[in-house]
Amino acid sequence: MPLTPTPTPPASARSGRLMRRHVLMLALAFEILCVGAYNADGYRRPGVTVDMPVTRGHVIV
């Protein structure tokens, strides 16, 4: 008994779903890049600030 090939969805239906998924992944990657660049500006040393002297960059922890 010969096996009949299973019907496959048209190429346009598959590519539409794939494109939407790629667009969402690109949007997420862009958002992560922007948020990472925004948060990378200020470096903060780990610790709890007890006193903030007048001199910039000096912190008593």
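Residue numbers start at 1 and run along the sequence shown.
Residue I32 is found in a hydrophobic cluster whose other members, listed by chain and number, are L28; membership requires side-chain heavy atoms under 4.5 Å apart, directly or through intermediates.
Atom-to-atom distance recorded for M19:CE and L24:CG is 10.5 Å, nearest 0.5 angstrom.
Judged as a side-chain contact (heavy atoms from CB on, under 4.5 Å), and not counting sequence neighbours, the contacts of V35 are E31, N39.
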